[in-house]
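Encoded as structure tokens, the structure appears first; notes follow it.
This structure is a prediction, so every number in the text was calculated from the model and none was measured.
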Amino acid sequence: ELPRYENIGTQVILSISGSESVHYAEIAELVGDDPRIAALEMNLSCPNVGSGLPFSSDPQLLYDTVRQTRQRTTLPLYAKLSPNVTDIRVSCRAAEDAGADALTLSNTFRAMTIDIQKRRPYLGNLSGGMSGPAIKPVAVRMVYQVAQAVNIPIIGMGGISCAEDAIEFLLAGASAVSVGTANFHNPAVTMEVIDGIEAYMKKNGFESVKDMVGIVK
């Protein structure tokens with residue numbers, strides 16, 4: 001896939017996943033230090049075949065997985081974690097201690113919907129990941145909590161559909177933001193978010209996005 005991204009004019013972050021801890025390390029070794037890749041994002045929210053749980057639900061498994069991967073590459077390593085845990089700060093500290101350079105918070109929330117006419121779940125897997133505006137307040141709270149608990153940058157995400165949403169994440173402690181679901185109904189949303197952040201900065205006297213990060217205490 002990489003040759004397709006060589007001339008797109010922006011940096012590429014490669015998302016990697018696996019069903020066992022060793023898979024992440026193996027992929028990192030295959031990729032090596034490829035100059036076409038700016039960073040690796042470890043999707044640690046996928047189910048683990050051995051335990052039946054996302055990697056980030058078990059702090060020790062999370063630590064071991066990130067640590068093994070960290071030893072196979074010098075590329076910046078981001079850990080994308082599941083929000084479906086008792087205390088997200090525990091997972092984040094484990095990832096930081098294992099060598100992650102940044103955290104991505106967070107993935108989708110486990111949810112379920114039922115077809116009342118057929119009287120069975122809509123999804124074949126019974127439940128799935130919920131994203132979109134409904135999860136934003138919970139995601140903002142998680143970013144705020146984690147920003148007080150770790151010393152590495154946070155990429156905030158979850159329900160961002162406008163500049164105001166993105167600014168909330170920045171003020172809560174995220175150093176960058178990511179837009180997902182909103183792209184499906186408004187492909188121009190990312191540029192609108194960027195323009196909105198710039199307008200907010202000018203209106204409120206911020207010289208840099210960095211000046212906004214984590215100022216809400």
Side-chain angles (χ1 to χ4, degrees), residues 11 13-18 24 38-48 53-63 65-67 69-70 75-111 128-183 189-190 193 197 209-210 212-217:
Q11 293 184 322
I13 298 173
L14 181 68
S15 176
I16 64 174
S17 62
Y24 292 86
L40 295 178
E41 181 186 72
M42 300 176 66
N43 182 355
L44 294 158
S45 302
C46 56
N48 172 254
L53 298 170
F55 289 98
S56 49
S57 295
D58 182 333
Q60 186 60 53
L61 178 60
L62 169 63
Y63 177 91
T65 304
V66 174
R67 191 65 181 168
T69 308
R70 172 75 286 167
L75 288 170
L77 200 61
Y78 303 165
K80 185 174 185 178
L81 304 178
S82 170
N84 300 299
V85 293
T86 302
D87 188 343
I88 189 68
R89 292 169 294 186
V90 175
S91 302
C92 291
R93 284 191 289 259
E96 180 181 33
D97 291 344
D101 296 298
L103 303 168
T104 303
L105 299 179
S106 63
N107 212 327
T108 56
F109 287 75
R110 190 177 298 116
M130 184 177 76
S131 61
I135 72 170
K136 191 204 75 181
V138 186
V140 170
R141 186 262 301 171
M142 287 188 168
V143 167
Y144 177 82
Q145 284 185 311
V146 172
Q148 317 301 315
V150 302
N151 296 306
I152 55 178
I154 299 167
I155 302 170
M157 62 178 64
I160 296 175
S161 58
C162 61
E164 289 77 9
D165 293 337
I167 292 166
E168 281 192 58
F169 277 92
L170 295 170
L171 296 177
S175 295
V177 296
S178 178
V179 180
T181 301
N183 286 288
V189 65
T190 302
V193 167
I197 292 174
V209 170
K210 292 181 180 179
M212 300 164 55
V213 174
I215 64 174
V216 171
K217 301 295 184 183

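- Within the model, atoms CZ of R93 and CD1 of I88 stand 11.0 Å from one another, a figure rounded to the nearest 0.5 Å.
- Atom SG of residue C162 and atom CD of residue E168 lie 8.0 Å apart, to the nearest 0.5 angstrom.
- Here the side chains of F55 and M42 are not in contact, with every heavy-atom distance at 4.5 Å or above.
- One finds the CG atom of L103 at 10.5 Å from the CD atom of E41 (value rounded to the nearest 0.5 Å).
- Contact between A94 and Y63 at its shortest, heavy atoms only, is O-CD1, 3.5 Å.
- Between Y24 and S17 the shortest heavy-atom distance is CE2-CA, 3.5 Å.
- Listed by first and then second residue, the salt bridge (Lys or Arg N to Asp or Glu O under 4.0 Å) pairs involving residues 75-88 are D87-R89 (not counting sequence neighbours).
- Distance check, rounded to the nearest 0.5 Å: CG of L14 to OH of Y78 gives 12.5 Å.
- Two residues are said to be in side-chain contact when any heavy atoms from C-beta on lie closer than 4.5 Å; M212 and I167 meet this criterion.
- Here the shortest heavy-atom pairing between P59 and S57 reads CD-O, 3.6 Å.
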Candidate pair T190 and N183, rule side-chain contact (heavy atoms from CB on, under 4.5 Å), full reasoning | CA-CA 8 Å; T190 302; N183 286 288; 3.6 Å; yes

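- Residues T108 and N84 are not in side-chain contact: their nearest non-hydrogen atoms beyond the backbone lie 4.5 Å or more apart.
- In terms of the side chain to side chain contact (heavy atoms under 4.5 Å, CB included) criterion, residue partners of P83 (sequence neighbours excluded) are, by chain and number, S106, N107, F109, M142.
- Atom OG1 of residue T69 and atom CG of residue L40 lie 8.5 Å apart, to the nearest 0.5 angstrom.
- A salt bridge is absent between D97 and R67; no separation between the charged side-chain nitrogens and carboxylate oxygens falls under 4.0 Å.
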Start with the C-alpha gap between L171 and V213, add the side-chain angles, then the distance that decides, and say whether side-chain contact (heavy atoms from CB on, under 4.5 Å) holds.
-> CA-CA 5 Å; L171 296 177; V213 174; over 6 Å; no

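- Nearest heavy atom pair, residue S56 against residue V85, reads O-CG1, 3.7 Å.
- Taking all atoms of both residues into account, the shortest heavy-atom contact from V66 to L77 is O-CD2, 4.1 Å.
- Taking the side chain as every heavy atom from C-beta outward, I13 and P76 never approach each other to under 4.5 Å.
- Contact between V189 and S161 at its shortest, heavy atoms only, is CG2-O, 3.5 Å.
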Would you list the atom pairs, donor with acceptor, under 3.5 Å between side chains in residues 144-159 and any protein atom, with sequence neighbours excluded?
from	atom 1	to	atom 2	distance (Å)
Q145	OE1	R141	NH1	2.8
Q148	NE2	Y144	O	3.3

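- Contact annotation: the side chain of R70 approaches that of D101 to within less than 4.5 Å [non-hydrogen atoms, C-beta and beyond].
- Under the 4.5 Å side-chain criterion, counting only non-hydrogen atoms from C-beta, L81 is in contact with C92.
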